[in-house]
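What you see below is based on every heavy atom in this structure, not just the backbone, and it leaves out hydrogens, waters and symmetry mates.
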Amino acid sequence: MVALTLPDGRVRRYERAPSGADVASDIGPGLAGMALAIRVNGDLWDLSRVLEEDAEVSIVTRRDDDEPVLDLLRHDAAHVLAEAAKEMYPDIQVTIGPAIADGFYYDFSREEPFTPEDLEAMEARMHEIVDRDEEVVREVWERDAAVALFRSAGERYKAEIIAGIPDGEPITLYRQGGFIDLCRGPHLPSTGKLGHAFKLMKLAGAYWRGDSRGEMLQRVYGTAWRDDKELEAYLRRLEEAERRDHRRLGRELDLFHFQEEAAGMAFWHPKGWTLYRAVEAYMRRRLEAAGYVEVRTPQLVDRMLWEASGHWEKFRENMYTSESEERVFALKPMNCPCHVQIFNQRVRSYRELPLRMAEFGSCHRYEPSGSLHGLMRVRGFVQDDAHIFCAEDQINPETRRFCDLLTGVYRDFGFEEVQARFSDRPEVRAGSDETWDRAEAALRGAVEEAGIRYTLNPGDGAFYGPKLDFELTDAIGRKWQCGTLQVDFVLPERLDAEYVGEDGGRYRPVMLHRAILGSFERFIGILVEHYAGGFPLWLAPVQAVVTTIVRDGDEFAGKVAERLKSAGLRVLLDTSAEKINYKVRRHSHAKVPAILVVGKREAENGSVSVRRLGSREQQNLALDEAVARLGEEACAPGA
């Protein structure tokens with residue numbers, strides 16, 4: 001007897017173990033037709049799998065509005081792509097094809113490069129495979145037999161993957177039509193269930209297993225959604241994202257550039273650096289108000305410190321090194337070991353805790369050249385980093401304080417929607433299981449006490465402790481992970497940090513690693529795209545332009561510009577001889593928030609005509625009123 005509990009609490013009992021499809025049919029024929037998979041105790045299973053034990057179950061349909069459903073569709077789309085490629089190019093070798101954010105990809109080994117026309121043809125063949133409605137069958141194989149199967153088919157990459165699967169793990173293959181692939185699953189019951197809401201997007205190169213020493217493969221990217229409406233909305237978002245691309249806007253607005261002589265490191269132009277300093281000044285004010293002390297630590301540090309902290313072992317491949325006087329130094333990839341050195345310079349008392357130590361720390365990390373992406377992925381960056389040294393019973397209140405600070409900062413920058421992900425111990429880590437148990441329990445308890453809702457992200461913690469990552473949502477719905485809070489019992493132990501407790505005993509402080517922006521570079525890239533370059537007035541590199549209609553207004557325009565500068569605004573004076581419509585259009589394209597137009601009449605009346613970015617209307621204001629309004633708006637939040 002198998003007892004299955006449905007989401008509404010009803011229990012269905014079966015004399016013989018049913019499949020997921022049986023359960024769906026038993027609930028109702030309509031549901032059976034819509035069913036894509038079954039969720040068993042929270043895990044997705046194929047509908048064909050048999051449920052041999054009591055469980056909580058629910059039927060998964062296309063209507064379910066959650067990420068696992070999209071992942072299921074996208075994973076199947078990857079398999080349909082691979083089947084289409086094998087049918088069209090029999091000599092091609094298939095490798096891996098996972099679901100990813102917003103889509104999927106599949107890596108192929110083929111001597112002849114794919115062309116855009118090939119993509120169109122493969123997409124058309126994918127539609128044919130969907131229309132065939134081929135049954136998708138799960139099969140469990142013995143390892144040696146599975147390896148022999150793929151080797152005999154000339155699929156050496158698949159054979160290599162199977163040979164490397166640890167002993168004891170099941171080898172599951174999925175067959176659809178004449179195509180068979182290695183996969184853990186689950187999958188849709190047939191190719192027809194995928195539907196036609198997919199599109200192949202682009203081609204790229206990819207190394208086998210991500211190793212630059214391996215063979216170069218051809219990667220085909222695609223996207224898949226529940227229906228055509230979602231697909232069309234996504235394609236529109238892509239168009240909007242292209243319009244907002246910070247790399248293009250960085251050039252157009254003269255903010256920054258990159259070049260090969262310093263790959264992955266930004267050259268900030270005057271306007272871009274003005275924006276950078278506005279963000280930095282705002283953050284400095286917020287940190288000072290929140291009780292942080294600011295420090296500065298060296299960029300080049302002897303490898304002995306990185307060995308003691310554990311970073312040399314865990315992070316060496318991402319560190320830049322230099323040798324001098326028979327010593328090896330590394331450019332710091334993070335600030336935490338250096339902050340412990342400041343903490344350790346004298347005996348600390350429990351009365352000094354929590355000690356909130358902040359640094360706008362310049363860090364360097366080696367990133368493969370193929371992964372560099374404007375400001376979003378760089379090799380040289382500045383973290384808005386801080387470390388809170390505290391007692392264990394201070395973790396909860398410090399977490400609440402930090403969460404309040406973080407959400408307030410995001411609101412001031414225009415981000416209202418924030419989500420959190422809780423990441424626990426990774427496979428490669430420092431510290432004992434007991435230490436990790438304490439750290440995870442402490443952070444989880446603090447987050448729950450702070451009232452923050454979070455999702456679980458198993459196995460993605462830092463090597464020294466669990467972490468809480470914060471994602472903000474931008475103007476077109478994209479999520480960006482920026483802030484983080486990490487509980488660390490390991491580093492204070494490794495670097496011998498101590499404080500004297502109230503009882504005179506020596507204790508290890510807990511170290512909370514935290515950041516809000518993440519890095520200034522990436523956060524500014526996000527800001528550029530969020531606002532499409534049209535920043536709120538307090539952030540804009542040039543906050544106002546004063547421009548003239550006729551030469552008679554030049555003298556008064558100069559006075560207007562000086563008044564605005566005295567009120568603290570960043571002002572540009574334009575008395576060029578071009579026609580006013582051309583000048584307004586040029587400054588609008590430069591995303592200047594306020595354009596103040598001065599002519600003969602304004603000079604006589606002591607007024608200005610104010611045109612705001614995005615509006616065709618202009619407002620005539622007395623100079624004093626215009627200066628007061630713009631001066632107030634130009635103040636950064638909390639200033």
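Interatomic distance, CG of L72 versus CG of L36, reported as 6.0 Å (0.5 Å rounding). To the nearest 0.5 angstrom, T191 atom OG1 is 7.0 Å from E83 atom CD. Atoms OG and CG, from S58 and L6 in turn, are 9.0 Å apart once rounded to the nearest 0.5 Å. Once rounded to the nearest 0.5 Å, the distance linking CH2 of W45 with OG of S19 reads 11.5 Å. Note: H246 NE2 to L375 CG = 4.0 Å, rounded to the nearest 0.5 Å. Note that the CD atom of E521 and the CD atom of Q383 stand 10.0 Å from one another [nearest 0.5 Å].
Taking the side chain as every heavy atom from C-beta outward, M126 and L200 approach each other to under 4.5 Å. Residues E128 and R125 have side chains in contact (heavy-atom distance under 4.5 Å, counting atoms from C-beta outward). Under the 4.5 Å side-chain criterion, counting only non-hydrogen atoms from C-beta, K314 is in contact with V428. At a threshold of 4.5 Å between non-hydrogen side-chain atoms, the residues P68 and R39 count as touching. Using a 4.5 Å cut-off on side-chain heavy atoms (C-beta onward), Y221 and I100 make contact. In this structure, the side chains of M376 and R247 stay at 4.5 Å or more apart for every pair of heavy atoms. Annotation: side chain of E111 is not in contact with side chain of D91 (no heavy-atom distance under 4.5 Å). Between V80 and Q176 there is a side-chain heavy-atom pair separated by less than 4.5 Å.
Taking all atoms of both residues into account, the shortest heavy-atom contact from T484 to F402 is O-CZ, 3.6 Å. Across every non-hydrogen atom of V409 and L517, the tightest pair is CG1-CD2, 4.3 Å. Smallest separation of non-hydrogen atoms from F150 and I180: CE2-O, 3.8 Å. Between E529 and D245, the closest heavy-atom pair is OE2-CA, 3.6 Å. Annotation for R151 and A159: closest pair CG-CB, 3.5 Å, computed over non-hydrogen atoms. Between W436 and P466, the shortest heavy-atom contact is CZ3-N, 3.4 Å.
Residues R226 and D64 are not paired through a salt bridge, judged by the lack of any N-O separation under 4.0 Å between the basic side chain and the carboxylate. A salt bridge links E367 to R377: at least one charged side-chain nitrogen sits closer than 4.0 Å to a carboxylate oxygen. Comment: K199 does not engage E232 in a salt bridge, judged by the lack of any side-chain N to carboxylate O separation of less than 4.0 angstrom. Ion pair K86/E155 flagged as a salt bridge, since at least one NZ, NE, NH1 or NH2 atom sits closer than 4.0 Å to an Asp/Glu carboxylate oxygen. Between E87 and R132, at least one side-chain nitrogen of the basic residue sits less than 4.0 Å from a carboxylate oxygen of the acidic one, meeting the salt-bridge criterion. Salt-bridge formation is not detected for the pair D211/R209: no Lys NZ or Arg NE/NH1/NH2 atom is positioned less than 4.0 Å from an Asp or Glu carboxylate oxygen. At a threshold of 4.0 Å, the pair R444-D424 does not count as salt-bridged, since none of the basic side-chain nitrogens sits closer than that to a carboxylate oxygen.
A distance-only check finds no donor-acceptor pair linking the side chain of Q486 to the backbone of A462 [under 3.5 Å]. Although no hydrogens or angles enter the test, the distance criterion places no donor-acceptor pair under 3.5 Å between the side chain of K467 and the main chain of F422. Not one N or O on the side chain of R365 forms a donor-acceptor pair closer than 3.5 Å with the backbone of M334. Side-chain atoms of R74 come within 3.5 Å of backbone atoms of A224 as a donor-acceptor pair (strictly under, hydrogens ignored). Remark: side-chain polar atoms of E471 are not paired, donor with acceptor, to backbone N or O of R421 under 3.5 angstrom. In this structure, the side chain of D488 does not engage the main chain of L512 through any donor-acceptor pair within 3.5 Å. The backbone N or O of A241 lies less than 3.5 Å from no partner atom in the side chain of E239, so there is not a single donor-acceptor pair. For Q93 (side chain) and R156 (main-chain N/O), a donor-acceptor pair under 3.5 Å exists by modelled atom type. With Y410 contributing its side chain and I516 its backbone, the two residues share a donor-acceptor pair below 3.5 Å. Counting only distance, with no hydrogens or angles, the side chain of D76 and the backbone of L194 share no donor-acceptor pair below 3.5 Å.
Between the side chains of Y174 and D46, at least one donor-acceptor pair of N or O atoms lies under 3.5 Å. Remark: the T115 side chain and the D118 side chain contain an N/O donor-acceptor pair separated by less than 3.5 Å. Using a 3.5 Å distance cut-off with no hydrogens or angles, the side chains of H196 and D131 do pair a donor with an acceptor. T399 and N396 form no side-chain donor-acceptor contact under 3.5 Å, judged by distance and modelled atom types alone. Looking only at atom types and distance, the side chain of D133 has a donor-acceptor partner in the side chain of S190 under 3.5 Å away.
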> Yes or no on salt bridge (Lys or Arg N to Asp or Glu O under 4.0 Å) for E417 and K479, after CA distance, side-chain angles and deciding distance?
Replying inline: CA-CA 9 Å; E417 187 178 335; K479 299 185 186 303; 3.6 Å; yes
> Stepwise, does the side-chain contact (heavy atoms from CB on, under 4.5 Å) test hold for L73 with F198?
Replying inline: CA-CA 9 Å; L73 293 169; F198 58 81; over 6 Å; no
>> Before you tell me yes or no, could you show the steps for R237 and E240 under side-chain contact (heavy atoms from CB on, under 4.5 Å), namely the whole-Å CA-CA distance, both residues' side-chain angles and the distance that decides it to 0.1 Å?
In response: CA-CA 5 Å; R237 286 200 304 274; E240 181 63 19; 5.5 Å; no
> Where do D26 and Y14 land on the side-chain contact (heavy atoms from CB on, under 4.5 Å) test, with the steps shown first?
Replying inline: CA-CA 11 Å; D26 191 27; Y14 297 85; 2.8 Å; yes
> Taking it one step at a time, do L173 and L149 satisfy side-chain contact (heavy atoms from CB on, under 4.5 Å)?
Replying inline: CA-CA 11 Å; L173 308 183; L149 171 72; 3.8 Å; yes
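Within 6.0 Å of CD in E56 there are 12 or fewer heavy atoms belonging to other residues, nucleotides or ligands. Residue-environment remark: OH (Y89) exceeds the threshold of 12 foreign heavy atoms within 6.0 Å. Other residues, nucleotides and ligands contribute at most 12 non-hydrogen atoms within 6.0 Å of the NZ atom of K202. By the 6.0 Å contact criterion, CD on E169 is enclosed, its count of non-hydrogen atoms from other residues, nucleotides or ligands being greater than 12. Other residues, nucleotides and ligands place no more than 12 heavy atoms under 6.0 Å from the CZ atom of R184.
For an aromatic pair to be called close, the ring centres must be under 6.0 Å apart, and F413 with F523 satisfies this. Aromatic ring centroids of F104 and Y106 lie 6.0 Å or more apart.
Figure legend: R522 and F381 shown without cation-pi pairing, the cationic atom not lying both under 6.0 angstrom from the six-membered ring centre and within 45 degrees of its axis.
Below 30°, between 30° and 60°, or above 60°: for F415 and H530 the angle between ring planes is between 30° and 60°, a tilted geometry.
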